[in-house]
Amino acid sequence: MRQLRVRLCGHLWEAFQPQLPSELVSIDLATPYCDRITDKLCIPYITSVGATFLNSNNLQDGESAVADPDPANALDDYYSGGGFSDVFEVPSYQKKATQHYLKHYAPNYGSKVFNNSGLARGFPDISGIGLKVATVYLNKTYGVGGTSASAPIIGGIVTLLNEERLAVGKGPIGFLNPVLYSHPWALNDIVNGSNPGCGTDGFPASPGWDPVTGLGTPKYEELKKIFLSLP
């Protein structure tokens, strides 16, 4: 599996992998956290992307952490991946957010299930819509899901923000994460849902950052103001 070139990581449906260029194949973010995820998606220098879905056809009803259980086979259940690294230390830009979650909202599973030391890199950083996303491939339309859907959506938003900056004579954004964690109000905070697995109810989505949806989903106009105000 390879990191997306825009340095966003997510899960790509296996059915599409053989037909896609290798540089577009992304990191699998759907692996259960109890499997001790320690690979590239936890690197502090990438933006890790989770997934949400709309609660209804009315945008005012908000979003929840994505949930698509399979009644026939629990192994095919789909939830937004998330957790804490066993390899990478929590970066300074994220430390306050992860410690707040661990203090106020983390389930009491103990260190055998996840790294609850308060010193570990948490993921994801942010989220995007990742269920029943209309996607055209080889002239056919599919309703696909996964962080392979949400990560490209976030990548498109970042591209638009870069174009906004270039239009006023400024350079590209560069590394997203420190700015995102410094401006959490520029994202829709997701407080509904969780990511069950490994014999547990998973991590609950909560106010602020959480290891299910990260900081939430982008508010484009707010992010536009922020990034245009930066040098």
Side-chain angles (χ1 to χ4, degrees), residues 1-12 22-29 37-52 80-101 115 118-130 147-190 208-231:
M1 305 293 259
R2 294 176 176 81
Q3 180 182 331
L4 286 172
R5 284 191 170 180
V6 290
R7 298 200 300 180
L8 299 166
C9 60
H11 174 258
L12 189 61
S22 60
E23 64 267 22
L24 294 182
V25 178
S26 62
I27 298 167
D28 188 347
L29 190 56
I37 301 175
T38 57
D39 208 343
K40 298 175 183 177
L41 58 88
C42 293
I43 294 173
Y45 306 108
I46 64 172
T47 297
S48 178
V49 181
T52 65
S80 182
F84 297 86
S85 174
D86 276 338
V87 172
F88 298 104
E89 184 178 355
V90 60
S92 58
Y93 64 76
Q94 191 192 43
K95 189 172 185 178
K96 183 178 179 180
T98 55
Q99 289 184 342
H100 181 265
Y101 181 84
N115 188 339
L119 303 175
R121 159 75 160 138
F123 67 97
D125 296 301
I126 57 176
S127 287
I129 297 295
T147 41
S148 55
S150 58
I153 289 173
I154 297 298
I157 290 172
V158 174
T159 297
L160 291 174
L161 292 170
N162 273 330
E163 290 180 348
E164 300 277 10
R165 285 178 54 84
L166 292 172
V168 295
K170 296 186 176 183
I173 289 170
F175 185 43
L176 286 171
N177 292 5
V179 177
L180 295 176
Y181 281 89
S182 297
H183 302 84
W185 59 87
L187 297 104
N188 299 297
D189 191 10
I190 311 301
W209 179 89
D210 57 68
V212 188
T213 62
L215 294 168
T217 56
K219 297 179 182 178
Y220 182 79
E221 292 300 325
E222 292 297 324
L223 290 173
K224 175 182 172 181
K225 293 176 186 176
I226 292 166
F227 283 108
L228 285 180
S229 71
L230 297 175

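Residues take their numbers from the sequence shown, with the count starting at 1.
Asn115 places a side-chain N or O within donor-acceptor distance of the main-chain N or O of Ser85, the cut-off being under 3.5 Å. When atom types are taken as modelled, the side chain of Arg165 and the backbone of Leu230 share a donor-acceptor pair closer than 3.5 angstrom. A donor-acceptor contact shorter than 3.5 Å links the side chain of Ser150 to the backbone of Gly50. Within the 3.5 Å criterion, the main-chain N or O of Glu164 finds no donor-acceptor partner in the side chain of Lys224.
To the nearest 0.5 Å, atom OG1 of residue Thr52 and atom CD1 of residue Ile126 are 11.0 Å apart. With rounding to the nearest 0.5 angstrom, the OH atom of Tyr45 is 15.5 Å from the CG atom of Leu176. For the atom pair OG1 (Thr217) and CD1 (Ile129), the distance works out to 6.5 Å, reported to the nearest 0.5 Å. Ile226 CD1 to Ser182 OG: the interatomic distance, rounded to the nearest 0.5 Å, is 9.5 Å.
At a cut-off of 3.5 Å, with distance as the only test, a side-chain donor of Thr47 or Asn177 sits close to an acceptor on the other residue.
In this structure, Lys95 places its NZ atom where only 12 or fewer heavy-atom neighbours from other residues, nucleotides or ligands lie under 6.0 Å away. Crowding of Glu222 atom CD: a count of heavy atoms from other residues, nucleotides or ligands under 6.0 Å exceeding 12. In the displayed structure, Lys96 atom NZ is contacted under 6.0 Å by at most 12 heavy atoms of other residues, nucleotides or ligands.
With contacts defined as side-chain heavy-atom distances shorter than 4.5 Å, the pair Phe84/Pro211 qualifies. Between Leu223 and Leu180 there is a side-chain heavy-atom pair separated by less than 4.5 Å. No side-chain heavy atom of Lys219 sits under 4.5 Å from any side-chain heavy atom of Leu187.
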Self-check item: Evaluation steps, side-chain contact (heavy atoms from CB on, under 4.5 Å), between Leu215 and Asp125
Solution: CA-CA 6 Å; Leu215 294 168; Asp125 296 301; 5.8 Å; no
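Checked against the 6.0 Å centroid criterion, the rings of Trp209 and Tyr93 do not qualify as a close aromatic pair.
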